[in-house]
Number of protein chains: 2
Amino acid sequence: MTRTASLKTATPAPAGDAAQPGPGAPKTARGARTRARILKAAEDTFGTLGYHRAGISDITRAAGVAQGTFYTYFAGKEEILRELVRDMGHQVRAHLAAEIVDAGDRLQAEEKGLRAFLQYLFEHPSLYRVLQEAQFVDESIYREYYEAFGRGYLRMLADATRKGEIRAGNNEVRVWALMGMSNFLGLRYALWDRDVSFDEIVATISDLFRNGLTLEGPEKNP
Amino acid sequence: MTRTASLKTATPAPAGDAAQPGPGAPKTARGARTRARILKAAEDTFGTLGYHRAGISDITRAAGVAQGTFYTYFAGKEEILRELVRDMGHQVRAHLAAEIVDAGDRLQAEEKGLRAFLQYLFEHPSLYRVLQEAQFVDESIYREYYEAFGRGYLRMLADATRKGEIRAGNNEVRVWALMGMSNFLGLRYALWDRDVSFDEIVATISDLFRNGLTLEGPEKNP
DNA sequence: CGGAAAGGTGAATCAGTTGTCATATTGTTG
DNA sequence: CAACAATATGACAACTGATTCACCTTTCCG
């Protein structure tokens, strides 16, 4: 209602932002709101229709703005996808990080992390679709997502190795294996069919981490 | 979409013209050859350009036929994709099955299978792209691919459990975890960057199967 | 051999998109 | 409040690319 002096500077750090902010970053609270509405609408629309089937008109309709308004904030369909992936990636990582801070050791962190990921995917199904489709629109955003994710993961595994919580081994490779597992388990059991409880899944994977797949015994083969 | 068109030509309705064989299966050696050329061209074109960027004209140009010829054998772009996924899926499974027949036990089969998969993906990079894109064109083909793959995998794990080669556990869940691992490892280390040898990858995963991730010891924590 | 069926052609059609622009509305500021 | 800047509008020009169709060419077989 009243003009607050700080309203104008509400947008975070406009100066020297690395990523191109598109045609024009909003300079008003109203503009920022509209831009956010469009971004959210794009998430929903891409999530249900898919990137290619979704038209700009679908997005603007969902956002409740005219088609032209879209181009006030985004250069085109590809750019909004990039923005979206960056945004969503940030959110998942933040969410998962928060969920595992209080884990006692690495095994527990893996359990909590997997469960949280499955739950998150179930609650945000758009994430999967937007991300996977982005892979073929602009591979670099996709790689960026998983490499960022992987960097954090690797740091944690390295810590755990140092603490003696996990066996020494090639943690880079492990990270990709683990991300792949989560991804497929999420697709199958969180998005397609919830016919197996998350607890059961977590227990199965936890057992794999604790005991491997083969029977006990230090030497199985010469 | 193409429903209305065929009514005009009073071809006395071939019984059960549901959707399977396309407009017309080739009835001549020449036709079969042309159809195969188009299918191969589609694989290459989808593999490099991607499903959406690839036009029918790109496919027919690569195959060395006119645009119209395409529709002699395929109902449209989606159908040829379906055909392709089915075809490619069949090939990978056959290839992998052949590579692991002579494995002594399950662990060895996993090692051979993973290595063969990485190698196959490296030599047939189109597989990954075609398959992943198919997911968003017609999810059912994609599911069909992994479910077929998973059924075979599950059978082998069940066998191994029976033989006492692997610990008892939820093999369905394991199958999806294992497929996810291979998938991501393949994407990262066979398609993106071959900066880690396949041997190293296989060794790392083999170690995971043999010993798990955590240090030895039946009970780690209460 | 001859003609019918199968195979092949490619320009034309047609549906659906994106991105633009002249114009209208809203908010800010001196 | 008047002038100005930022936002918002929506019709539409320009383009893309899938599919059709009327008409040739090749192959098959009695």
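Numbered from 1 within each chain, the chains take letters A, B, ... in sequence-line order. Both backbone and side-chain heavy atoms feed into the values below; hydrogens, waters and symmetry mates do not.
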Salt bridge (Lys or Arg N to Asp or Glu O under 4.0 Å): pairs with one or both residues in residues 170-181 of chain B, sequence neighbours excluded: D207(A)-R174(B)
Taking only side-chain nitrogens and oxygens of T69(A), does any of them come within less than 4.0 Å of OP1 or OP2 of dT9(D)? yes
Of the listed nucleotides dG8(C), dT18(C), dT7(D), the one nearest the side chain of Y73(B): dG8(C)
For dG7(C), does either OP1 or OP2 sit under 4.0 Å from a side-chain N or O belonging to T28(B)? yes
Report yes or no: does T72(B) contribute a side-chain atom to a donor-acceptor pair with the main-chain N or O of T69(B) at less than 3.5 Å? yes
Taking only side-chain N and O atoms of K77(A), does any of them lie within less than 4.0 angstrom of OP1 or OP2 on dT18(C)? yes
What is the distance from CZ of R53(A) to C1' of dT17(C), rounded to the nearest Å? 16 Å
Closest to the 5' end of DNA chain D, once T34(A) and F70(B) are matched to their nearest nucleotides, is T34(A)
How would you label the contact of A54(B) with the nucleic acid (heavy atoms, under 4.0 Å): base, sugar-phosphate, or nothing? sugar-phosphate
Can you tell me the distance, in whole Å, between the CD1 atom of I80(A) and the C1' atom of dG19(C)? 14 Å
Just say parallel, tilted or perpendicular for the rings of Y142(A) and W192(B), cut-offs at 30° and 60°. perpendicular
Between R30(B) and G55(B), just flag the one whose closest nucleotide in DNA chain D comes earlier from the 5' side. G55(B)
Separation of dG10(C) atom C1' from I56(B) atom CD1, nearest Å, is 15 Å
Between dT20(D) atom P and Y71(B) atom OH, what is the distance in whole Å? 7 Å
Just how far, in rounded Å, is P of dA18(D) from CD1 of I38(B)? 14 Å
Would you please indicate yes or no on a ring centroid separation below 6.0 angstrom for Y146(A) and F184(B)? yes
Can you check whether S57(B) has a side-chain N or O nearer than 4.0 Å to OP1 or OP2 of dA18(D)? no
Taking any heavy-atom pair under 4.0 Å as a contact, classify G68(A): base, sugar-phosphate, or nothing. base
Report the nucleotide, chosen from dA11(D), dA6(C), dT7(D), that has the shortest atom-to-atom distance to any side-chain atom of Q67(A). dA11(D)
I need the CZ-P distance between R61(A) and dG10(D), as an integer number of Å. 13 Å
Between S197(A) and D199(A), a side-chain donor and acceptor under 3.5 Å: no
Rounded distance (Å) that lies between atom P of dG19(C) and atom CD of E79(A): 11 Å
Expressed as a whole number of angstroms, how long is the span from R33(A):CZ to dA6(D):P? 17 Å
